[in-house]
Chemist: 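I'd like to ask you about the structure that follows.
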Amino acid sequence: MTEGLRYAYAVVRDTGTPEAALDALTALEEVRGVAGERVRAVRHLGLAVLAGAVPAEDFDEGPLRRRLEDMAWLEDMARAHQRVVDTAGAESCVIPVRLATVCQGEEGLRRMLATGRERFASALDRLEGRVEWGVKAYAAPPPPQEPPAGAANGPDSPGASDSPDAPGASGASGGMSGRDYLRRRKAQRQAAERRWGDTEEDARLVHHTLSGLAERARLHPPQDPRLSGVSDRNVLNAAYLVRREDSAAFAERVGELAGRTPELRVELTGPWAPYSFTDPDETESADETTAPHQTGDAGADR
């Protein structure tokens, strides 16, 4: 059946082999898509798009817009989308399609391939044999310091008084004076600022080192702790384009850097399909900060 809605996951090169022999489809035999559907290939002009049939009650334009406001549903869909893309890309080059791209039937998929043919083909040429690795670094806040003896008499303590004659205001009986307390607080703030500065410099060195091992690198904005659920400060959120055969050496180097920067917690993820590097932006700096590639509004070919 060729009519109905089709959800697009990724574009691959059409090798001319029977559909069942496509490497990407072979890998997806046991994987289901965003609606629990099987994924198949639609070929056109030397390319093939991996796609699946999805129900109109969830994925037609109106229902889909409403569904995208449901964060739990959106998260489940995004995970299923990524599972298909990364499984297909485990052994072959795939170009991820934007999240929630829905076309009208197989003819809509072919129009998508025709419209984007030059861009897809160029990306496949550039990214063949390459994968994306993600590296995040977090700086945990310093542990709380125990107040020195007499700090309970400081100006923020429950029994503190604004009166210069109040006990402890002049440091009598071993108490901390208001002036000493403020000095201590200032020193703590300065120490915290130095620590943040040191961790950010460590993160820059990590990024610089890893960029030298990758063909390209991309800095993403720091993760919002309200969305990530991680309270530690995110000081590095980067993606690196690495040749498949260099992946083991890259991962080993990340581990070495993590051991040398104890004040940073370094996380390595991947290898992934090259989400962050599908756009032809050779004129951009490798360190340019960009939004994560997979976030975007629903695309539709009606």
Chemist: When you measure from the side chain of Arg126 to the backbone N and O of Thr278, does any donor-acceptor pair fall under 3.5 Å?
Modeler: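 Side chain of Arg126 to backbone of Thr278, a donor-acceptor pair under 3.5 Å: yes, one is there.
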
Chemist: Can you find a heavy atom in the side chain of Glu37 that is under 4.5 Å from one in the side chain of Val54?
Modeler: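 Sidechains of Val54 and Glu37: in contact.
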
Chemist: Can you confirm whether Cys103 sits close enough to Met112 that some side-chain heavy atom of one is under 4.5 Å from a side-chain heavy atom of the other?
Modeler: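 A side-chain contact exists here, since the closest heavy-atom pair is under 4.5 Å.
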
Chemist: Taking atom types as modelled, find out whether Thr269 and Trp133 have a side-chain donor-acceptor pair closer than 3.5 angstrom.
Modeler: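 Short answer, no.
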
Chemist: If you look at every heavy atom in Val85 and Pro96, which pair is closest and at what distance?
Modeler: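 Taking every non-hydrogen atom into account, CG1-CG, 3.9 Å.
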
Chemist: Evaluate salt bridge (charged side-chain N to carboxylate O under 4.0 Å, His left out) for Arg265 paired with Glu267, printing each intermediate quantity in order.
Modeler: CA-CA 7 Å; Arg265 178 167 58 83; Glu267 291 183 355; 2.7 Å; yes

Chemist: Determine whether a donor-acceptor pair (N or O, by modelled atom type, separation under 3.5 Å) exists between the side chain of Thr101 and the backbone of Val97.
Modeler: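 No, the answer is negative, given that no donor and acceptor are paired below the 3.5 Å cut-off.
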
Chemist: Measure across Ala41 and Leu50 and return the closest heavy-atom pair with its distance rounded to 0.1 Å.
Modeler: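 In this case the closest contact between Ala41 and Leu50 is CB-CD2, 4.2 Å.
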
Chemist: Start with the C-alpha distance between Leu47 and Leu124, add both sets of side-chain angles, then the distance that settles side chain to side chain contact (heavy atoms under 4.5 Å, CB included), and finish with yes or no.
Modeler: CA-CA 10 Å; Leu47 301 171; Leu124 286 165; 3.7 Å; yes

Chemist: Taking all atoms of both residues into account, what is the closest heavy-atom pair of Ala214 and Val242, and its distance?
Modeler: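 Of all heavy-atom pairs spanning Ala214 and Val242, the closest is CB-CG2, 4.1 Å.
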
Chemist: Identify the heavy atoms of Asp202 and Leu264 that sit nearest to each other, and give their distance.
Modeler: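 Reported closest heavy-atom pair: CB-CD1, 3.6 Å.
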
Chemist: Any side-chain to backbone donor/acceptor pair from Ser92 onto Gly89? Under 3.5 Å, distance only.
Modeler: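 Side chain of Ser92 to backbone of Gly89, a donor-acceptor pair under 3.5 Å: no, none is there.
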
Chemist: Fit a plane to each ring of His81 and Tyr7, take the angle between them on a 0 to 90° scale, and name the class: parallel (under 30°), tilted (30 to 60°) or perpendicular (over 60°).
Modeler: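 His81 and Tyr7: perpendicular rings.
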
Chemist: Please check if the side chain of Asn234 supplies one atom and the backbone of Pro222 the other of a donor-acceptor pair under 3.5 Å.
Modeler: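 No; judged by distance alone, with no hydrogens or angles, the pair does not exist.
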
Chemist: Would you compute the distance between atom CD1 of Ile95 and atom OG of Ser122 and round it to the nearest 0.5 angstrom?
Modeler: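 Between atom CD1 of Ile95 and atom OG of Ser122 there are 9.0 Å.
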
Chemist: Measuring from Leu205:CG to Leu257:CG, what's the distance to the nearest 0.5 Å?
Modeler: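 Reported to 0.5 Å precision, the distance equals 9.0 Å.
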
Chemist: Got a salt bridge between Glu200 and Arg233, using NZ or NE/NH1/NH2 to carboxylate O under 4.0 Å?
Modeler: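 Judged by the 4.0 Å cut-off on N to carboxylate O distance, Glu200 and Arg233 do form a salt bridge.
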
Chemist: Would you find more than 12 non-hydrogen atoms of other residues, nucleotides or ligands less than 6.0 Å from Glu252 atom CD?
Modeler: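 Check fails, neighbour count at 12 or below.
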
Chemist: Got a salt bridge between Glu106 and Arg111, using NZ or NE/NH1/NH2 to carboxylate O under 4.0 Å?
Modeler: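 The answer is no: the pair does not qualify as a salt bridge.
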
Chemist: Less than 4.5 Å apart, any side-chain heavy atom of Leu99 and any of Leu74?
Modeler: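 Yes, side chains in contact.
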
Chemist: For Arg83 and Arg32: C-alpha separation, side-chain torsions, deciding distance, then whether side chain to side chain contact (heavy atoms under 4.5 Å, CB included) applies.
Modeler: CA-CA 9 Å; Arg83 183 169 57 248; Arg32 295 296 179 265; 6.0 Å; no

Chemist: Between Arg65 and Asp60, does any side-chain N to carboxylate O distance fall below 4.0 Å?
Modeler: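 No, no charged N to carboxylate O under 4.0 Å.
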
Chemist: The test is side-chain hydrogen bond (donor to acceptor under 3.5 Å, both in side chains); show your working for Tyr9 and Gln82 and say whether it passes.
Modeler: CA-CA 8 Å; Tyr9 296 94; Gln82 183 172 341; over 6 Å; no

Chemist: Are the side chains of Leu241 and Leu127 in touch, meaning some heavy atoms are under 4.5 Å apart?
Modeler: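 Side-chain contact under 4.5 Å: yes.
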
Chemist: CG of Asn237 to NZ of Lys136: how many Å apart, nearest 0.5 Å?
Modeler: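 Here the rounded value is 5.0 Å.
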
Chemist: Determine whether Leu64 and Asp58 make a side-chain contact, defined as any pair of heavy atoms from C-beta on separated by less than 4.5 Å.
Modeler: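 No, every pair of side-chain atoms sits at 4.5 Å or beyond.
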
Chemist: What residues, two or more places apart in sequence or in another chain, satisfy salt bridge (Lys or Arg N to Asp or Glu O under 4.0 Å) together with Glu30?
Modeler: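 Glu30 satisfies salt bridge (Lys or Arg N to Asp or Glu O under 4.0 Å) with no residue once adjacent residues are dropped.
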
Chemist: For Glu245, I'd like to know if atom CD has over 12 heavy atoms of other residues, nucleotides or ligands within 6.0 Å.
Modeler: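 More than 12 within 6.0 Å, yes.
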
Chemist: Only one of Thr209, Leu268, Asp246 passes side chain to side chain contact (heavy atoms under 4.5 Å, CB included) with Arg253; say which it is.
Modeler: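 When Thr209, Leu268, Asp246 are each tested with Arg253, the side chain to side chain contact (heavy atoms under 4.5 Å, CB included) holds only for Thr209.
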
Chemist: Of all heavy-atom pairs between Val266 and Ala258, which one has the smallest distance, and what is that distance?
Modeler: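 Where Val266 meets Ala258 most closely, the heavy atoms are CB-CB, 3.9 Å.
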
Chemist: To the nearest 0.5 Å, what is the distance between OH (Tyr240) and NE2 (His207)?
Modeler: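 One gets 5.0 Å once the value is rounded to the nearest 0.5 Å.
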
Chemist: How far apart are the closest heavy atoms of Leu109 and Ala51, and which atoms are they?
Modeler: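 It is CD1-CB, 3.6 Å.
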
Chemist: Between Asp125 and Arg13, does a side chain to side chain contact (heavy atoms under 4.5 Å, CB included) hold up when you go through it step by step?
Modeler: CA-CA 10 Å; Asp125 290 341; Arg13 204 182 302 278; 3.2 Å; yes

Chemist: With a 4.5 Å limit on heavy-atom distance, are the side chains of Trp73 and Arg66 in contact?
Modeler: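 No, their side chains stay 4.5 Å or more apart.
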
Chemist: For the residue pair His220 and Ser276, establish whether any side-chain heavy-atom pair is separated by less than 4.5 Å.
Modeler: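 Touching, per the 4.5 Å side-chain cut-off.
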
Chemist: Counting C-beta onward and ignoring hydrogens, is there a side-chain heavy-atom pair between Leu210 and Val254 closer than 4.5 Å?
Modeler: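 Yes, side chains in contact.
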
Chemist: So, is the end of the Arg216 side chain (NZ or CZ) under 6.0 Å from the ring centre of Phe277 and within 45° of the ring's axis?
Modeler: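 Arg216 over Phe277 ring: no.
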
Chemist: Mind checking salt bridge (Lys or Arg N to Asp or Glu O under 4.0 Å) for Glu215 and listing every partner two or more places apart, or none if nothing turns up?
Modeler: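 Glu215: salt bridge (Lys or Arg N to Asp or Glu O under 4.0 Å) contacts with Arg130, Arg243.
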
Chemist: Under the salt bridge (Lys or Arg N to Asp or Glu O under 4.0 Å) rule, collect the residues that match up with Asp86, sequence neighbours excluded.
Modeler: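 Asp86 satisfies salt bridge (Lys or Arg N to Asp or Glu O under 4.0 Å) with no other residue.
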
Chemist: Above 12 or not: heavy atoms from other molecules or residues under 6.0 Å from CZ of Arg244?
Modeler: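 Yes, enclosed.
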
Chemist: Do Leu28 and Thr87 pass the side chain to side chain contact (heavy atoms under 4.5 Å, CB included) test, and can you show the C-alpha distance, the side-chain angles, and the key distance before you say yes or no?
Modeler: CA-CA 7 Å; Leu28 289 170; Thr87 302; 3.9 Å; yes

Chemist: Using the salt bridge (charged side-chain N to carboxylate O under 4.0 Å, His left out) rule, pick out the option among Arg117, Arg110, Arg43 that qualifies with Asp14.
Modeler: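 Output: one option passes, namely Arg43.
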
